[in-house]
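Below is one structure; the comments refer to it alone.
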Amino acid sequence: MPSYIRLSNRTCGNPACRRPRVDQNLRRCSGCHGKLYCGRECQLADWPVHKIICRRRGAEQPVEGWEEAIVRFSNVYADLLEPYALGLVFGITQVNPFAVPGMDHWRAIWSTYACAVEIRLVQSRETSTGGEYTVRYLRSFPVRVDNYISLSRLRRYRAAIAETEYPIGFLFVVVPYYRGPPITVTSVVRLMGVDNLAPPARYIANTGGRICRLLQDLAA
């Protein structure tokens, strides 16, 4: 945690704290850097409630160099990630598998859902601004977007979906290990080329076909 701070208009974030305000040497939560506590005992007592917003806010503070690595990765492996993402998301929605959804329906689906891509980031070399990183792919799975990002970021994500013709939404979830807790989440909205449009059934087949095997090889 950072150094102690004393603010006359702030009190301990634990509603059950009984320490007088004058004696509260507050420190910020190291996860979200937002909520203040007078000590570890109060922080632990409040954790069952605070952990939800703490993890969400903490996931909005990427390390310098991470987003650049994620964008590079999404560009290099777009030919694998995009059809697989389409299959995963269409597979959990009520969409006619034999007809390409209209634009409004397409955007409505991707405003609600996205393909989460779980990755690790490994520093390849240090730089004056922080470092360069290499992405290690772990797995992909469909998610509701509102379960992974805050309301302000959800608005920006949905605005990007609304402005893109046949969009595909990704949430790149950085974790310390396979199926580990999210460290940060980066949203990426990609444009689906009209020439590549096909009925959902074709994409759903990708979740168990050649593309699936290639992604498994990538994760190996």
Side-chain angles (χ1 to χ4, degrees), residues 59 62-63 65-101 103 105-125 132-149 157 160-161 164-220:
V63 173
W66 283 13
E67 289 191 350
E68 291 85 350
I70 289 169
V71 171
R72 286 197 304 271
F73 178 83
S74 69
N75 289 334
V76 170
Y77 292 101
D79 289 345
L80 293 179
L81 293 173
E82 290 181 3
Y84 194 64
L86 287 162
L88 290 175
V89 170
F90 285 148
I92 63 169
T93 59
Q94 294 182 344
V95 61
N96 181 349
F98 305 110
V100 177
M103 181 69 75
H105 190 192
W106 186 291
R107 285 174 172 158
I109 291 171
W110 291 96
S111 290
T112 303
Y113 299 97
C115 176
V117 182
E118 189 177 271
I119 58 175
R120 286 180 59 240
L121 282 164
V122 180
Q123 187 170 8
S124 54
R125 73 184 185 93
E132 292 185 357
Y133 293 84
T134 300
V135 172
R136 296 285 186 263
Y137 174 84
L138 298 176
R139 64 182 179 126
S140 297
F141 51 98
V143 296
R144 285 188 61 96
V145 184
D146 56 5
N147 288 336
Y148 270 77
I149 55 179
Y157 170 85
I161 291 292
T164 305
E165 186 175 357
Y166 291 104
I168 307 173
F170 291 92
L171 298 181
F172 287 89
V173 184
V174 180
V175 294
Y177 49 83
Y178 183 73
R179 293 182 182 269
I183 299 173
T184 185
V185 179
T186 298
S187 60
V188 175
V189 175
R190 298 189 62 87
L191 169 66
M192 178 70 179
V194 177
D195 294 340
N196 295 325
L197 289 175
R202 175 178 169 183
Y203 302 116
I204 294 171
N206 290 328
T207 60
R210 185 181 70 88
I211 291 178
C212 177
R213 292 191 295 272
L214 290 173
L215 285 171
Q216 289 173 346
D217 291 342
L218 190 63

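Given the structure is predicted, the values throughout are model-derived calculations rather than measurements. The analysis underlying the following values was restricted to heavy atoms, covering all of them including side chains, and did not include hydrogens, waters or symmetry mates.
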Heavy atoms, side chains only, cut-off 4.5 Å: are [X] and [Y] in contact?
{"X": "Leu215", "Y": "Leu81", "answer": "yes"}
{"X": "Val143", "Y": "Tyr113", "answer": "no"}
{"X": "Leu214", "Y": "Leu218", "answer": "no"}
{"X": "Glu68", "Y": "Tyr133", "answer": "no"}
{"X": "Val89", "Y": "Ile168", "answer": "no"}

> Under 6.0 Å from the OH atom of Tyr166, do we count more than 12 heavy atoms belonging to anything else shown?
Replying inline: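 Correct, the count exceeds 12.
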>> Using a 6.0 Å cut-off, check whether atom CG of Asp79 has over 12 heavy atoms from anything other than its own residue.
In response: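 Atom CG in Asp79 is not packed in, count stays at 12 or less.
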How far apart are the closest heavy atoms of [X] and [Y], and which atoms are they?
{"X": "Tyr137", "Y": "Ile119", "answer": "CA-CG2, 4.2 Å"}
{"X": "Gly180", "Y": "Glu118", "answer": "N-OE1, 4.3 Å"}
{"X": "Leu121", "Y": "Ala69", "answer": "CD2-CB, 4.0 Å"}
{"X": "Glu67", "Y": "Thr186", "answer": "CG-OG1, 3.9 Å"}
{"X": "Pro83", "Y": "Asn206", "answer": "CB-ND2, 3.4 Å"}
{"X": "Cys115", "Y": "Ser140", "answer": "SG-CB, 3.9 Å"}

> Do Phe90 and Trp106 have ring centroids that are under 6.0 Å from one another?
Replying inline: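 Yes, the ring centres sit under 6.0 Å apart.
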> Does Arg139 make a cation-pi contact with Tyr178, if we ask for NZ or CZ under 6.0 Å from the ring centre and within 45° of the axis?
Replying inline: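 Cation-pi check for Arg139 and Tyr178: passes.
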Quick check against the 3.5 Å criterion: does [X] have a side-chain atom that pairs as donor or acceptor with the backbone of [Y]?
{"X": "Tyr203", "Y": "Ala198", "answer": "yes"}
{"X": "Ser124", "Y": "Glu132", "answer": "yes"}
{"X": "Thr112", "Y": "Ala108", "answer": "yes"}

If you round to the nearest 0.5 Å, how far is [atom2] of [Y] from [atom1] of [X]?
{"X": "Trp66", "Y": "Gln123", "atom1": "CH2", "atom2": "CD", "result": "10.0 Å"}
{"X": "Arg202", "Y": "Leu197", "atom1": "CZ", "atom2": "CG", "result": "10.0 Å"}
{"X": "Arg213", "Y": "Leu80", "atom1": "CZ", "atom2": "CG", "result": "12.0 Å"}

> Picking from Thr93, Asn96, Val95, what satisfies side chain to side chain contact (heavy atoms under 4.5 Å, CB included) with Pro101?
Replying inline: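 It is Val95; the other options fail the test.
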>> Exactly one of Val189, Ile161, Thr164 should register a side chain to side chain contact (heavy atoms under 4.5 Å, CB included) with Trp110. Which one does?
In response: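 That would be Ile161.
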>> For Phe73 and Phe172, take the angle between the two ring planes, folded into 0 to 90°, and tell me which bin it lands in: parallel under 30, tilted 30 to 60, perpendicular over 60.
In response: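 Answer is perpendicular, since the angle exceeds 60°.
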> Could you walk me through whether Leu86 and Met192 pass the side chain to side chain contact (heavy atoms under 4.5 Å, CB included) check?
Replying inline: CA-CA 10 Å; Leu86 287 162; Met192 178 70 179; 3.8 Å; yes
